[in-house]
Number of protein chains: 2
Amino acid sequence: MRVVRKDAQRNRERVLAAAREVYAEQGVEAPLDVIARRAGVGNATLYRRFPDRAALVEAVFHETLDRVRQAGEEARRAADPWAGLNAYLEAVFTVLAGDRGANDLMTTGLQGVPSLETLHPHNAETLAGLLGRCRRQGTVRTDVGTEDLLFALAALGRAVPALETAAPGAWRRPLALLVDGLRPEAARDLPAPPLTADQLSGTLREMNRTRSRPVPG
Amino acid sequence: MRVVRKDAQRNRERVLAAAREVYAEQGVEAPLDVIARRAGVGNATLYRRFPDRAALVEAVFHETLDRVRQAGEEARRAADPWAGLNAYLEAVFTVLAGDRGANDLMTTGLQGVPSLETLHPHNAETLAGLLGRCRRQGTVRTDVGTEDLLFALAALGRAVPALETAAPGAWRRPLALLVDGLRPEAARDLPAPPLTADQLSGTLREMNRTRSRPVPG
């Protein structure tokens, strides 16, 4: 009985390690049988433990996503919202840069992953709260809203793994330039209205669809 | 003889129109036989006219890319470099937003397309020249270089087709925020050195590879 539990535990760890590798290489839509092969376990064993992709993705990334959520909680409590905003973005991008699988997960629309479904609204609320406080503090321009920041972060976030491959740590520079564009000192009139929440969701869905397009030929 | 030439001309136009459609839908790596089928011509006819993908892409996008190059020439002659920079970025993004095939072409590393091989260095020189003049003018911070701008434009440019689908014209707003981040008024010390030219090429190549990754499963 003891031996069986140990074996089961070892198999589980092997599957999680293999999944983490494969997700980093191929993204979180990699097929389960590739992961089973990499882990050296049968498909049946893997499916018994993780009935679908979302369950396995949750097991692999639960801790990472929860760390981002915690960074959000901390930033919300920051006495200085501008410092809180910068610390939170640093934490988010450290994850986006450090783990290609987590990046793929956080920037795709994979459904049914509980930690991700918690994190998305949590992230938006963290940013909305901090931006509001920064605007009142005078450190963020009054014409910039949560949708502006979410879109800009999504566009930069998707480029971060490529940047990280070519120049580790270099993401800090474009992120700083992005944040400087939020400051009131340089603000000129913006030439278009902000995205609505629906337009932002539509944009992120479409960014996702475009990226995932298989290139034939 | 006259009839033959007319037929040939009609076939050529049909192929170019079909190619433009297919490139907008599937990107410029779409296979030639999909284009032949869409145009209603045989593969042999298409290959006789356009021996490889690059030749067809050149024929479809030559005018568009040349228009961007001309916008660069105009911007270089602008009396006010800040106005020139903004006008040029507006012209580039109008193309990136208006033609998904052209966007795909301008943000991929497809080799052997003469207009693209002319445009890439021309674009970098246009931006380098304008940035230099803007820095001396005091309208752009002194710590921002051409690689910073090229990277930021690439990251935003790739998100533009998705944005355009959800909210036509909305790209003007994130572009304005990006440009405001270049202004000296809001500049704080940047936390990482600029990319070298090689690191930038590596990043763009990798962004490309990642996007084009077929998603299995």
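Here is how names work: the chains are called A, B, and so on, in the same order as the sequence lines, proteins then strands, and each is numbered from 1.
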J.: Can a cation-pi geometry be assigned to A:Arg133 and A:Trp82, taking NZ or CZ under 6.0 Å from the six-membered ring centre and within 45° of the ring axis?
T.: no
J.: Calculate, to the nearest 0.5 Å, the distance between atoms CG and CG belonging to A:Leu200 and B:Leu163 respectively.
T.: 9.0 Å
J.: With a 4.5 angstrom heavy-atom cut-off, is it the side chain or the backbone of B:Ala167 that approaches chain A, or both, or neither?
T.: both
J.: Just give me the residue among B:Arg173, B:Arg141, B:Glu185, B:Arg183 that pairs up with chain A most often, heavy atom to heavy atom, under 4.5 Å.
T.: B:Arg173
J.: Would A:Arg37 and A:Asp33 count as a salt bridge (charged side-chain N to carboxylate O under 4.0 Å, His left out) here? Give the steps.
T.: CA-CA 6 Å; A:Arg37 218 175 309 134; A:Asp33 60 334; 3.7 Å; yes
J.: So A:Phe50 and A:Leu16, do their side chains get closer than 4.5 Å, heavy atoms only?
T.: yes
J.: Relative to chain A, which of B:Pro191, B:Ala155, B:Gly202 shows the most heavy atom pairs under 4.5 Å?
T.: B:Pro191
J.: Side chain, backbone, both or neither: which part of B:Pro194 has a non-hydrogen atom closer than 4.5 Å to chain A?
T.: both
J.: Using a cut-off of under 4.5 Å for heavy-atom pairs, which of A:Ser201, A:Ala159, A:Ala170 has the most such pairs with chain B?
T.: A:Ala159
J.: Any donor-acceptor pair under 3.5 Å linking the side-chain atoms of B:Tyr88 with those of B:Asn123?
T.: yes
